[in-house]
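Here's the structure, in structure tokens; my notes come after.
Numbers restart at 1 for each chain; the letters A, B, ... are given by sequence-line order, proteins then strands. Just so it is clear, the values below take in all heavy atoms, side chains as well, and ignore hydrogens, waters and symmetry mates.
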Number of protein chains: 2
Amino acid sequence: MSTPTTTRDVSGPAFSPLYRQIKELLTQDLQSGLWKPGEVIPSEFELAARFKVSQGTVRKAIDELAAENLLVRRQGKGTFVATHAEQNTQYRFLRLRPDDDRPRALQRRLLECSRARAAADIARALEIKAGDPAVLVRRLLLDGEQAVVLDEIWLPGRAFKGLTHERLSTYRGPMYALFEAEFGIRMIRAEEKIRAVAADASAAALLAVPPGAPLLSVERRSFTYGERPVELRRGLYRTDAHHYRNELS
Amino acid sequence: MSTPTTTRDVSGPAFSPLYRQIKELLTQDLQSGLWKPGEVIPSEFELAARFKVSQGTVRKAIDELAAENLLVRRQGKGTFVATHAEQNTQYRFLRLRPDDDRPRALQRRLLECSRARAAADIARALEIKAGDPAVLVRRLLLDGEQAVVLDEIWLPGRAFKGLTHERLSTYRGPMYALFEAEFGIRMIRAEEKIRAVAADASAAALLAVPPGAPLLSVERRSFTYGERPVELRRGLYRTDAHHYRNELS
DNA sequence: TAGTGGTCTAGACCACATC
DNA sequence: ATGTGGTCTAGACCACTAA
């Protein structure tokens, strides 16, 4: 590893400390699939030797990647690529909680999985062209007998070629784990826009509420490596016995 | 600073690394008001000398406090106690954004500031006794001509003795900045429970929507040092031209 | 020019998991 | 016993701010 770029390189890029350059290299290896979700990455000392920097510098790079939930450290075992397939990280992005706060597993009911052409708004959100192939998934999440979430999920068609109703309904585990395992697409972060809306007839029927009842509308855009949007998810949540929980700091 | 507690101290507390012990000491100085919001704290080297540890250890303690937004580092200047009074940290907890994403300052209209006895649910949230004195503040936030937020704010009466309608309505700047400056109470973090509800007659009138219109209900519990709850805020948000924005990772 | 935070190194030792 | 991440130190040097 050469000397870090400094501000004295008038013609060059902005100053970037060594550990950030290492972080960038590690991110590239993650993105390329060299290390897959759930796998161990090389030890800090090995990476340090490979990059010709000190262990402390590699450590700081990994620190940041761990803070962003891209890597997971396990003392004595090693550093692992984060995955949505593990028990404790399942439904990491779902903020809906039962009011009594006794977490229970939600049942899934798949309603639809079809191919369509992306309308203008969908295409814009996914950064593809209007009319490009897309996949539409609709499903319910149930707490016991009660449907609480109606999701409408749009995915870019080219990246999710083999995604079928059959495959989705037989897969054990969260949808995002399937995306990792079958399509090599890992959801890194997401943005949500939340509104209160009135239930239309079709949503009302599926969620067993009167038409016009207030529902939480949660529009999520999920991103993979390189800030690339790979999912647009429109959720309608019943919040009479559940709530969306958020932490501010 | 003595040797850090280790797991070999069978009778003692759990292992805590040196930098966490330093962090705890710094937190105590913040809580005691030794360093007030907006002020500089001593330099890393001075703190290291004071605690008889290396600069790197102090640095790691400060790193964590900065990550929790209790301190703010400014290269070349020093490390400062975070405050809600600064331009860039105002309305830090308000996640409502206009749909067009052109941020504009919201107007405040104070509706009420009165003393009352805490009902059972309020008391439970504030961890005081039912019937204890409490302060109730009601106010509107307006985007231009349009009211978009109706807040009902409950505060523990003993901690907010001199809070009056007069004082609130004449104060320039965010409410949380007033709380810091006048009552020495700094909001550190908060939890929000979000629901979709139908507007009742009174909320509908104040927010200029039809009765029964869907509104976002945002119940916020704010905490100060030591996980002590010091505010219960029930907000009703119009989300026809705004949305609640959240980042997931 | 001096003082502050920010980066980087090299080495020692601790805690944890596994063999 | 070995290898991994976690902590701590001491010292050098860089980047930024203000006098």
Side-chain angles (χ1 to χ4, degrees), chain A residues 1-10 12-26 35 38-67 69-82, chain B residues 1-10 12-26 35 38-67 69-82:
Chain A
M1 180 59 31
S2 56
T3 307
T5 308
T6 79
T7 44
R8 292 197 197 116
D9 296 344
V10 180
F15 169 76
S16 172
L18 240 193
Y19 74 88
R20 273 198 196 283
Q21 302 177 38
I22 304 295
K23 181 185 174 187
E24 187 50 39
L25 293 173
L26 294 176
W35 306 316
E39 292 179 0
V40 221
I41 72 170
S43 77
E44 296 179 352
F45 278 104
E46 174 167 350
L47 290 170
R50 184 181 303 183
F51 295 133
K52 298 202 201 312
V53 299
S54 77
Q55 179 250 7
T57 298
V58 169
R59 183 167 184 79
K60 181 137 189 181
I62 292 179
D63 275 346
E64 291 203 353
L65 292 169
N69 294 311
L70 296 189
L71 295 175
V72 177
R73 322 184 81 128
R74 289 188 197 129
Q75 187 173 69
K77 300 216 240 178
T79 300
F80 297 76
V81 182
Chain B
M1 182 58 33
S2 55
T3 308
T5 308
T6 78
T7 43
R8 291 194 199 117
D9 296 342
V10 181
F15 169 76
S16 172
L18 239 193
Y19 74 86
R20 273 197 197 284
Q21 302 177 37
I22 303 294
K23 181 185 174 188
E24 187 51 38
L25 293 173
L26 294 175
W35 307 316
E39 292 180 359
V40 219
I41 72 170
S43 76
E44 296 179 352
F45 278 103
E46 174 168 350
L47 290 170
R50 185 180 302 183
F51 295 133
K52 300 203 200 315
V53 300
S54 76
Q55 179 248 8
T57 299
V58 169
R59 184 169 184 77
K60 182 137 189 183
I62 293 179
D63 276 346
E64 290 203 352
L65 291 169
N69 295 310
L70 297 190
L71 295 176
V72 178
R73 323 184 81 130
R74 289 189 196 128
Q75 188 174 81
K77 300 216 242 177
T79 300
F80 297 76
V81 182

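Following rounding to the nearest Å, B/R59 (CZ) and D/dT9 (P) show an atom-to-atom distance of 15 Å. Atom C1' of nucleotide C/dC8 and atom NZ of A/K52 are separated by 17 Å, given to the nearest angstrom. Here the P atom of nucleotide C/dC14 and the CD atom of B/Q21 are 16 Å apart, to the nearest Å. Rounded to whole angstrom, the span from the NZ atom of A/K60 across to the P atom of D/dT7 amounts to 14 Å. Atom CD of B/Q75 is separated from atom P of C/dG5 by 10 Å (rounded to the nearest Å). Rounded to an integer number of Å, the gap from A/F15 CZ to D/dC13 P is 16 Å. In this structure, NZ of B/K23 is placed 16 Å from C1' of D/dG6, rounded to the nearest angstrom. Remark: C1' of C/dA10 and CG of A/L18 are 15 Å apart, rounded to the nearest angstrom.
Two residues, A/Q55 and B/D63, neighbour DNA chain C, and the one matched to the more 5' nucleotide by heavy-atom proximity is B/D63. In this structure, A/R73 and B/G76 both approach DNA chain D, and ranking their closest nucleotides by distance from the 5' end singles out A/R73.
B/Q21 contributes a side-chain N or O that, together with a main-chain N or O of B/S16, makes up a donor-acceptor pair within less than 3.5 Å.
Between B/R74 and D/dT17 there is no side-chain N or O to OP1 or OP2 distance below 4.0 Å. Contact annotation: B/K77 side-chain N/O to D/dC16 OP1/OP2 distance is not under 4.0 Å. OP1 and OP2 of D/dT4 both lie 4.0 Å or more from every side-chain N or O belonging to A/T79.
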With a 3.5 Å cut-off and sequence neighbours excluded, list the donor-acceptor pairs that the side chains of residues 42-49 of chain B form with protein atoms.
{"residue": "B/S43", "atom": "OG", "partner": "B/E46", "partner atom": "N", "Å": "3.2"}
{"residue": "B/E44", "atom": "OE1", "partner": "B/Q55", "partner atom": "NE2", "Å": "2.8"}
{"residue": "B/E44", "atom": "OE1", "partner": "B/R59", "partner atom": "NH1", "Å": "3.3"}
{"residue": "B/E44", "atom": "OE2", "partner": "B/R59", "partner atom": "NH1", "Å": "2.8"}
{"residue": "B/E44", "atom": "OE2", "partner": "B/R73", "partner atom": "NH2", "Å": "2.2"}
{"residue": "B/E46", "atom": "OE2", "partner": "B/R50", "partner atom": "NH2", "Å": "3.1"}

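Side-chain atoms of B/V53 lie closest to D/dT9 of the nucleotides D/dC8, D/dT9, C/dT9.
Comparing the end axes of the helix from C/dT1-D/dA18 to C/dT18-D/dA1, each fitted to five base pairs by superposing C1' atoms of four pairs onto the next four, gives an inter-axis angle of 10° (nearest 10 degrees).
One distance of note links OG1 of B/T79 with CG of B/L70; it measures 12.5 Å at 0.5 Å rounding.
Across all non-hydrogen atoms, the minimal contact from B/V72 to B/A82 is CG2-CB, 4.0 Å. Nearest approach of A/V81 to A/L71, heavy atoms of both residues: CA-CD2, 4.0 Å. B/V40 and B/G78 get closest at one heavy-atom pair: CG1-CA, 4.2 Å.
Applying a 4.0 Å cut-off to non-hydrogen atoms, none of the residues of residues 39-48 of chain B approaches DNA chain D.
Partner of B/F51 under the side chain to side chain contact (heavy atoms under 4.5 Å, CB included) criterion, out of B/L26, B/L18, B/T57: B/L26 alone.
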